[in-house]
Amino acid sequence: MINRVVLVGRLTRDPEMRYTQSGIAVTRFTLACDRPFSGQDGKREADFIDCVVWRKQAENVAQYLKKGSMAGVDGRLQISSYEGQDGQKRYRAEVVADSVRFLSSKGDAGRDSAPPPKDDEAPPAKGGFDQQPYSGGIDLSDDDLPF
């Protein structure tokens with residue numbers, strides 16, 4: 001059986017992080033995901049999807065994402081039930097995230113992000129990967145090619 005959910009949307013409010021009694025971090029947030037069509041009135045509609053993430057990723061989400069941040073979530077759909085105060089059985093659907101990607105923040109105003117490089121300057125080197133490994137060319141003859 002397959003139970004896989006992939007979402008891209010914006011957080012509707014700041015994430016809420018708590019710790020379980022055993023000290024495991026859990027963070028809940030809601031993503032607003034645009035529907036691919038407009039309603040009868042011509043306005044774009046959205047779905048508001050509850051998500052939960054655990055452990056170290058929960059701490060990262062709580063630290064780096066905020067209301068308006070765009071995030072990608074890869075996880076599974078989980079349906080739970082509980083009894084409401086009126087005695088009725090209620091159901092709750094949420095996405096349990098295996099992975100959360102930080103895509104951007106609204107207006108690109110992230111908390112700890114560096115400004116993007118200007119068009120006329122190269123991006124900063126990261127980990128020595130700024131050198132082109134094949135800048136001198138590759139010495140190949142037609143006999144070396146398999147076709």
Side-chain angles (χ1 to χ4, degrees), residues 1-138 146-147:
M1 303 297 165
I2 297 175
N3 180 357
R4 204 88 208 120
V5 176
V6 179
L7 303 169
V8 174
R10 292 197 182 274
L11 274 70
T12 61
R13 62 181 185 277
D14 289 343
E16 297 176 11
M17 185 177 70
R18 296 186 179 165
Y19 288 93
T20 64
Q21 290 179 347
S22 57
I24 298 172
V26 58
T27 299
R28 294 185 180 280
F29 58 96
T30 301
L31 275 186
C33 302
D34 287 335
R35 292 183 180 171
F37 53 87
S38 299
Q40 289 182 347
D41 57 359
K43 291 184 180 178
R44 197 74 179 229
E45 295 183 13
D47 292 303
F48 300 93
I49 302 168
D50 293 330
C51 301
V52 62
V53 61
W54 295 83
R55 297 182 173 75
K56 183 64 178 170
Q57 278 218 348
E59 294 172 350
N60 289 337
V61 165
Q63 181 177 357
Y64 295 109
L65 293 182
K66 60 183 178 181
K67 179 181 178 177
S69 297
M70 184 165 301
V73 174
D74 180 24
R76 62 185 170 82
L77 184 63
Q78 180 173 291
I79 310 292
S80 55
S81 63
Y82 62 95
E83 190 173 308
Q85 292 178 343
D86 58 359
Q88 295 279 30
K89 191 170 190 176
R90 307 241 187 251
Y91 294 94
R92 175 186 175 112
E94 63 186 358
V95 174
V96 179
D98 295 325
S99 166
V100 178
R101 297 285 182 148
F102 307 158
L103 301 178
S104 71
S105 59
K106 195 168 187 174
D108 288 325
R111 290 181 185 166
D112 297 324
S113 63
K118 294 182 176 117
D119 291 337
D120 59 343
E121 67 183 45
K126 293 183 179 179
F129 292 109
D130 57 339
Q131 299 174 355
Q132 296 294 326
Y134 301 112
S135 61
I138 300 173
F147 48 89

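- Heavy atoms only, all atoms of each residue included: Val8 and Cys33 are closest at O-SG, 3.5 Å.
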**Request:** Assess whether salt bridge (charged side-chain N to carboxylate O under 4.0 Å, His left out) is satisfied between Arg28 and Asp50, documenting all intermediate values.
**Result:** CA-CA 7 Å; Arg28 294 185 180 280; Asp50 293 330; over 6 Å; no

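- With a 4.5 Å cut-off on side-chain heavy atoms, Lys66 and Leu11 do not count as touching.
- No donor-acceptor distance shorter than 3.5 angstrom exists from the side chain of Asp74 to the backbone of Val6, with no hydrogens or angles considered.
- For the atom pair Asp34 CG and Glu45 CD, the distance stands at 10.5 Å (nearest 0.5 Å).
- Summarising the geometry of Met17 relative to Ala25, their closest heavy-atom pair is SD-CB, 4.2 Å, with the distance given to 0.1 Å.
- Shown here for Thr27 and Glu59, the closest heavy-atom pair between the two residues is OG1-N, 4.4 Å.
- Residues passing the side-chain contact (heavy atoms from CB on, under 4.5 Å) test with Ser38 are Arg44, sequence neighbours excluded.
- Rounding to the nearest 0.5 angstrom, the gap separating the CD atom in Gln78 from the CZ atom in Arg92 is 10.0 Å.
- A heavy-atom distance below 4.5 Å is found between the side chains of Gln88 and Arg90.
- Val53 has its side chain out of reach of Pro15: every pair of non-hydrogen atoms, C-beta onward, lies at least 4.5 Å apart.
- At least one side-chain heavy atom of Val61 sits less than 4.5 Å from a side-chain heavy atom of Phe102.
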**Message:** Leu65 vs Phe29, test: side chain to side chain contact (heavy atoms under 4.5 Å, CB included). Steps then yes/no.
**Reply:** CA-CA 10 Å; Leu65 293 182; Phe29 58 96; 5.6 Å; no

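- Residues Lys67 and Asp14 share a closest heavy-atom pair of N-OD1, 2.8 Å.
- Ion pair Arg76/Asp98 not flagged as a salt bridge, since none of the NZ, NE, NH1 or NH2 atoms sits closer than 4.0 Å to an Asp/Glu carboxylate oxygen.
- In this structure, Trp54 and Thr20 have side chains that are in contact, with non-hydrogen atoms separated by less than 4.5 Å.
- For the pair Gly75 and Arg4, the tightest heavy-atom approach, listed with the atom from each and the gap, is O-NH1, 3.3 Å.
- Taking OG1 from Thr30 and CD from Glu94, the interatomic distance works out to 10.0 Å, rounded to the nearest 0.5 Å.
- Side chains of Val5 and Val73 form no contact here, defined as non-hydrogen atoms less than 4.5 Å apart.
- Side-chain contact between Glu83 and Lys89 is absent, with no heavy atoms from C-beta onward closer than 4.5 Å.
- The line from CE of Met70 to CZ of Arg101 is 15.5 Å long, rounded to the nearest 0.5 Å.
- Among all heavy-atom pairs drawn from Ala71 and Leu31, the shortest one is O-CD1, 4.2 Å.
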